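So the structure is just underneath, and the comments pick up after that.
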There are 2 protein chains.
Amino acid sequence: MFPKLDPILHSELRLAVISLLAGVESADFTYIKQQTGATAGNLSVQLDKLSAAGYITVEKGFKGKMPRTTCTLTPAGLEAFRKYIDALKEYISH
Amino acid sequence: MFPKLDPILHSELRLAVISLLAGVESADFTYIKQQTGATAGNLSVQLDKLSAAGYITVEKGFKGKMPRTTCTLTPAGLEAFRKYIDALKEYISH
DNA sequence: ATAAACAAGTTTATATTATAAACCAAATTA
DNA sequence: TAATTTGGTTTATAATATAAACTTGTTTAT
């Protein structure tokens, strides 16, 4: 009746990150931080978890001389997001 | 852009409880336990939190000689549920 | 009548999670 | 060149979820 909600996605910040990435090709750390309003520390930790789950890829490079971390949603991440939304609907539509 | 999700409702079990109660007049502990698959201990704790938040009322009585705990959604609980759903949509529809 | 098993929970302890605070290295600006 | 800013990471703390153990009383079997 109430399907299990993917614990990786059932987190305010991680869900926001995935939602954000679902709409763009990729986004960098600073942009995600701005859009979500998260602190850098929290964001760093949550990006690690999403990355460890295989839901995003995190690429580190440089833009000019400044470090730049770019995140991209993986197919697995998109699929998990879709499943999470479907599961949620079981909770909110009854 | 990403509204804050009510932390009282952003919990798998508490959300299931509210979702369940939103569809009926009231439900007792055992029924909620069965429907959600929760352990008694977990359910007890989460019902306390929902009650403390004013989202449900918890009435203790007896059915025959056996104790019976009945839970009912309050107007505040229903309103919070509605707001939570609206907030969620901001996350899942972009 | 008494022991064993069951019902309906609560309390307490533990594991996990989220969050913030402190820190670091390099780049930029005053 | 000293102070500030950028772009983060690491570590510590607070909050949460969950399960295990316990309590109180009832029913059933002996």
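Chain naming here is simple, since letters A, B, ... match the order of the sequence lines and numbering starts at 1 in each. The structure displayed is predicted, hence computed values, not measured ones.
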Practice problem: Would you classify A:Glu12 as touching base, sugar-phosphate or nothing, given that sugar-phosphate means primed atoms plus P, OP1 and OP2, and contacts are heavy atoms under 4.0 Å? | Solution: nothing
Quiz prompt | Contact under 4.0 Å: B:Arg14 side-chain N or O vs D:dA17 OP1/OP2 | solution = yes
Quiz item: Of A:Met66 and A:Ile8, whose closest DNA chain C nucleotide lies nearer the 5' terminus?
Solution: A:Ile8
Quiz item: B:His10 vs B:Tyr84 aromatic rings, parallel, tilted or perpendicular, using cut-offs 30° and 60°?
Solution: tilted
Self-check item: Whole angstrom value for the distance that separates P of C:dA7 from CZ of B:Phe62
Solution: 17 Å
Exercise. Could you tell me whether A:Lys4 atom NZ has more than 12 heavy atoms of other residues or ligands within 6.0 Å of it?
Key: yes
Self-check item: Any B:Lys33 side-chain N or O less than 4.0 Å from OP1/OP2 of C:dA7
Solution: no
Taking only N/O atoms, report every protein-nucleotides 8-12 of chain D pair under 3.5 Å with atom names and distance.
residue	atom	partner	partner atom	Å
D:dG8	OP1	A:Thr69	N	3.1
D:dG8	OP1	A:Thr69	OG1	2.3
D:dT9	OP1	A:Lys60	NZ	2.7
D:dT9	OP2	A:Ser44	OG	2.3

Quiz item: How many Å lie between CD on A:Glu59 and C1' on D:dG7, as a whole number?
Solution: 17 Å
Quiz item: Taking C-beta and beyond as the side chain, do A:Pro3 and A:Tyr91 meet within less than 4.5 Å on heavy atoms?
Solution: yes
Exercise. Let me know the distance between CG of A:Leu47 and P of D:dG7, rounded to the nearest Å.
Key: 15 Å
Self-check item: Shortest non-hydrogen contact between B:Lys60 and B:Thr69, atoms and distance
Solution: NZ-OG1, 3.3 Å
Quiz item: Quick one: A:Gln46 CD to C:dT16 P, roughly how many Å, whole number?
Solution: 16 Å
Exercise. Starting from C1' on C:dT19, measure out to CG on A:Leu15 and report it in whole angstrom.
Key: 17 Å
Quiz prompt | Upstream residue (5' side of DNA chain C) when A:His10 and A:Lys65 are each assigned their closest nucleotide | solution = A:His10
Exercise. Let me know the distance between CD1 of A:Ile32 and P of D:dG7, rounded to the nearest Å.
Key: 13 Å
Quiz item: Between atom NZ in A:Lys63 and atom P in D:dG7, what is the gap in whole Å?
Solution: 9 Å
